[in-house]
K.L.:
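There's a structure below that I have some questions on.
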Amino acid sequence: MAVSCSVSTLSTDFGLYNPLSAAPLSTTGSINIACTCTNILDCVAFGYRIDVSAGQSGNTAAREMRAGTGRLLYNLYSDPGYNSVWGTGNAGSSMLYLVTLFGTRQTATVYARVPARQAVPAGNYSDTPIITIVY
């Protein structure tokens, strides 16, 4: 099968985090996938999987953004109910499987959430999980 896929993302931006807020902070991002085929028959019904790495923490169950010595817990989910942690299939995380017809572009929404009431120092917190397309 002669298939090639490219990935681009729209990052999740939480904005300002208030550690005194009783509500979690939620946002969304997106993963955009475009696949092409040298033989159109290879792409009639083409399936692939989207994996999202654990990022700096090394643990999909406890992802963290960092700013100096500060650590702010967050996670990424494949569903709007924040029930299914998006990962690589390890440590109870799930992966997202998609099927495309004729290599059409697809977008997968990433649901992101920071739990409430984390006592962290002020800073510009970030993490960079790696997106992998498996086909």
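All values below come from the heavy atoms of this structure, side chains included, with hydrogens, waters and symmetry mates left out.
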K.L.:
Give, for atom OG of Ser21 and atom CG of Leu16, the distance between the pair rounded to the nearest 0.5 Å.
P.N.:
12.0 Å
K.L.:
Can you measure from OH (Tyr74) to CG (Leu76) and round to the nearest 0.5 angstrom?
P.N.:
4.5 Å
K.L.:
How many angstroms lie between CE in Met65 and CD in Gln118, if you round to the nearest 0.5 Å?
P.N.:
8.0 Å
K.L.:
Between the main-chain N or O of Asp79 and the side-chain N or O of Ser84, is there a donor-acceptor pair closer than 3.5 Å?
P.N.:
no
K.L.:
Taking C-beta and beyond as the side chain, do Thr128 and Ser126 meet within less than 4.5 Å on heavy atoms?
P.N.:
no
K.L.:
Looking at Tyr82 and Ala112, what are the two nearest heavy atoms and their distance?
P.N.:
CE2-O, 3.8 Å
K.L.:
Search all heavy atoms of Tyr125 against all heavy atoms of Leu72 and return the closest pair with its distance.
P.N.:
CD2-CB, 3.8 Å
K.L.:
What residues, two or more places apart in sequence or in another chain, satisfy salt bridge (charged side-chain N to carboxylate O under 4.0 Å, His left out) together with Asp51?
P.N.:
Arg49
K.L.:
Output yes when a side-chain donor or acceptor of Arg71 lies under 3.5 Å from a complementary backbone atom of Val120, and no otherwise.
P.N.:
no
K.L.:
If you round to the nearest 0.5 Å, how far is OG of Ser53 from CD1 of Ile131?
P.N.:
7.0 Å
K.L.:
Would a single hydrophobic cluster contain both Tyr111 and Leu10, if residues Ile, Leu, Val, Met, Phe, Trp and Tyr are joined by side-chain heavy-atom contacts under 4.5 Å?
P.N.:
no
K.L.:
Hey, quick one: are Val85 and Leu73 part of the same hydrophobic cluster, counting side-chain heavy atoms closer than 4.5 Å, chains of contacts allowed?
P.N.:
no
K.L.:
Evaluate the side-chain hydrogen bond (donor to acceptor under 3.5 Å, both in side chains) criterion for residues Arg113 and Ser26: first the C-alpha distance (whole Å), next the side-chain angles of each, then the deciding distance (0.1 Å), finally the verdict.
P.N.:
CA-CA 4 Å; Arg113 179 170 275 180; Ser26 303; 2.8 Å; yes
K.L.:
Do Ile33 and Val134 share a hydrophobic cluster, counting only Ile, Leu, Val, Met, Phe, Trp and Tyr and linking them when any side-chain heavy atoms are less than 4.5 Å apart?
P.N.:
no
K.L.:
For the residue pair Trp86 and Thr109, what are the closest heavy atoms and their distance?
P.N.:
CZ3-O, 3.5 Å
K.L.:
Which distance, rounded to the nearest 0.5 Å, do you find between the CD1 of Ile31 and the OG1 of Thr107?
P.N.:
10.0 Å
K.L.:
Hey, what do you get for CG (Asn75) to CG (Asn59), rounding to the nearest 0.5 Å?
P.N.:
8.5 Å
K.L.:
Should Val52 and Arg63 count as side-chain neighbours, where that means a heavy-atom distance under 4.5 Å?
P.N.:
yes
K.L.:
For the residue pair Ala116 and Ala22, what are the closest heavy atoms and their distance?
P.N.:
CB-O, 3.5 Å
